[in-house]
Amino acid sequence: MTDARATGQRHAGLPGGPADAAGPGDLPAPTGWALPIITLLGTAAAIVAAFIGSGALGGTPIAEAAGGVLSADATPVAPAGSAFSIWSVIYLGLAAYALWQLTPVARRSVRQAALRPWALASVLLNAAWIWAVQMELILGSVLVIVLLLAVLIRIMFILGAPRIGGVPETVVTDGTFGLYLGWVSVAFFANTYAWLASEGVDVVTEVPFGIVGIIVAAAVGVATALLSGGRIPPALATAWGLAWVAYGRTSGEHESAALVWTAAIASVVVVVVALARRLTVRTRQPRAAQPANAAERTAQ
């Protein structure tokens with residue numbers, strides 16, 4: 001047998017290519033129950049705290065908290081209100097993940113063993129972000145969302161490891177945390193611009209700075225697509241956010257045709273780059289396997 005590194009093969013799921021069920025990924029022994037149970041309970045508590053803090057169960061909605069600094073018309077890069085419905089999908093996915101990671105196959109997975117503490121950190125940070133806004137700690141919310149984004153980026157690389165859970169793992173893990181990363185990438189810019197505007201930095205409310213923010217957000221989405229081997233969920237969530245930024249600029253205080261077109265084009269570019277990257281990786285994988293097979297035959 002030959003070393004995959006010497007033949008040019010990549011383990012399925014590394015950032016260089018989409019993850020597949022094949023490849024090493026089993027632990028020598030199943031993970032104990034402690035961390036999976038803690039992950040389940042922590043995720044459930046964080047989701048409940050987030051729902052309560054968001055105003056979904058009564059109270060002040062996030063868009064109206066802290067004097068409305070995060071409202072849909074607060075800055076040129078704020079998504080329209082309907083964009084936040086993506087949280088329903090993300091929360092559903094997080095709940096499904098918290099249950100699935102208790103299964104025998106998940107407890108045998110090297111990938112899931114690495115993911116659990118970071119997944120738990122992400123939901124706790126999301127709840128902390130919501131309560132920071134409710135407590136009118138806007139700078140604090142920026143610091144929290146920076147940490148959340150860093151955690152989700154780390155998760156992206158963890159998810160590059162081989163998976164053994166098939167379609168269920170793909171949906172509840174790759175799908176959920178991919179959407180989570182893509183959306184938070186856009187929310188980070190909206191949050192940062194809102195904080196700057198609340199501090200009297202009026203330049204961020206002008207069209208040129210809005211265009212800059214949209215372009216940089218799209219660049220982050222493109223970079224994510226390239227580094228992840230063309231993962232589709234992050235690109236879709238980023239494009240979703242940018243599309244709602246475009247819609248939000250069709251009316252209101254920051255109405256601007258330039259912002260509409262910039263955000264609309266940016267949303268399309270992110271998805272196109274992700275699809276192109278994914279197709280490129282899929283095309284190269286069979287070619288990389290040929291030299292490896294030949295080398296194995298020679299070794300035999």
Side-chain angles (χ1 to χ4, degrees), residues 50 53-55 60-84 86-87 122 125-153 180-224 234 237-267 269-270:
S54 68
T60 306
I62 288 294
E64 299 174 12
V69 297
L70 290 170
S71 68
D73 204 31
T75 69
V77 298
S82 298
F84 295 88
I86 194 173
W87 276 117
S122 75
L125 284 169
N126 177 61
W129 180 88
I130 288 173
W131 283 101
V133 174
Q134 290 288 9
M135 296 172 66
E136 302 188 8
L137 302 173
I138 306 306
L139 175 57
S141 73
V142 173
L143 297 177
V144 172
I145 204 170
V146 168
L147 291 175
L148 175 56
L149 184 57
V151 166
L152 291 172
I153 291 171
Y180 201 175
L181 171 60
W183 171 251
V184 171
S185 297
V186 176
F188 162 73
F189 288 95
N191 196 171
T192 302
Y193 270 56
W195 165 62
L196 291 172
S198 71
E199 292 296 318
V201 185
D202 294 335
V203 69
V204 299
T205 64
E206 298 176 1
V207 170
F209 272 78
I211 290 174
V212 169
I214 291 168
I215 291 174
V216 176
V220 171
V222 167
T224 299
T238 299
W240 168 270
L242 290 172
W244 282 106
V245 170
Y247 180 80
R249 303 293 80 78
T250 59
S251 61
E253 183 179 350
H254 300 290
E255 179 179 351
S256 166
L259 291 170
V260 170
W261 282 105
T262 301
I265 293 171
S267 68
V269 168
V270 171

- Where is the tightest heavy-atom contact between P79 and A190, given as atom of each residue plus distance? CD-CB, 4.0 Å

- Item | Main-chain N/O of S122 paired to Y180 side chain as donor or acceptor, under 3.5 Å | yes

- Message: Is there a side-chain contact (heavy atoms from CB on, under 4.5 Å) between F189 and V220? Walk through the geometry before answering.
- Response: CA-CA 11 Å; F189 288 95; V220 171; 4.1 Å; yes

- Item | Spatial distance of atom OG1 (T262) from atom CG (L242) [nearest 0.5 Å] | 10.5 Å

- Quick check: does any side chain N or O of H254 sit under 3.5 Å from a backbone N or O of V207, one acting as donor and the other as acceptor? no

- Supply the atom-to-atom distance T75 OG1 to E206 CD, rounded to the nearest 0.5 angstrom. 13.0 Å

- Under the ring pair (Phe, Tyr, Trp, His ring centres under 6.0 Å) test, residues paired with F188 that sit two or more places apart: none

- Query: Rounded to the nearest 0.5 Å, how far apart are CD1 of I138 and CG of N191?
  - Reply: 7.0 Å

- Going from CD1 on I214 to OG on S267, what distance comes out if it is rounded to the nearest 0.5 angstrom? 10.0 Å

- Query: What are the two closest heavy atoms between A246 and A264, and how far apart are they?
  - Reply: CB-N, 3.8 Å

- Do the side chain of W240 and the main chain of A83 share a donor and acceptor less than 3.5 angstrom apart? yes

- Task: Could you tell me which non-hydrogen atom of T238 sits nearest to which non-hydrogen atom of G182, and how far apart they are?
- Result: OG1-O, 3.1 Å

- Note on the structure: Nearest heavy-atom contact between A258 and I211 is CB-CD1, 4.1 Å

- So S82 and W244, side-chain contact (heavy atoms from CB on, under 4.5 Å) or not? Walk me through it. CA-CA 8 Å; S82 298; W244 282 106; 3.4 Å; yes

- What residues, two or more places apart in sequence or in another chain, satisfy ring pair (Phe, Tyr, Trp, His ring centres under 6.0 Å) together with F209? none

- Note on the structure: dist S198:OG -> L139:CG (nearest 0.5 Å) comes out at 9.0 Å

- Do L149 and L181 have side chains that get closer than 4.5 Å, going by heavy atoms? yes

- Query: Given the rule in the side-chain contact (heavy atoms from CB on, under 4.5 Å) test, do M135 and I130 qualify, once you have shown the distances and angles that lead to the verdict?
  - Reply: CA-CA 9 Å; M135 296 172 66; I130 288 173; over 6 Å; no

- Query: For the atom pair OG1 (T250) and CG (L259), what is the distance rounded to the nearest 0.5 Å?
  - Reply: 11.0 Å

- Item | Least distance between heavy atoms, A74 atom then G68 atom | CB-O, 4.1 Å

- Task: Taking all non-hydrogen atoms of both residues into account, name the closest pair between V245 and P76 and its distance.
- Result: CG1-O, 3.7 Å

- Just by distance, do the side chain of Y247 and the backbone of A80 share a donor-acceptor pair under 3.5 Å? no

- Determine whether W87 and I62 make a side-chain contact, defined as any pair of heavy atoms from C-beta on separated by less than 4.5 Å. no

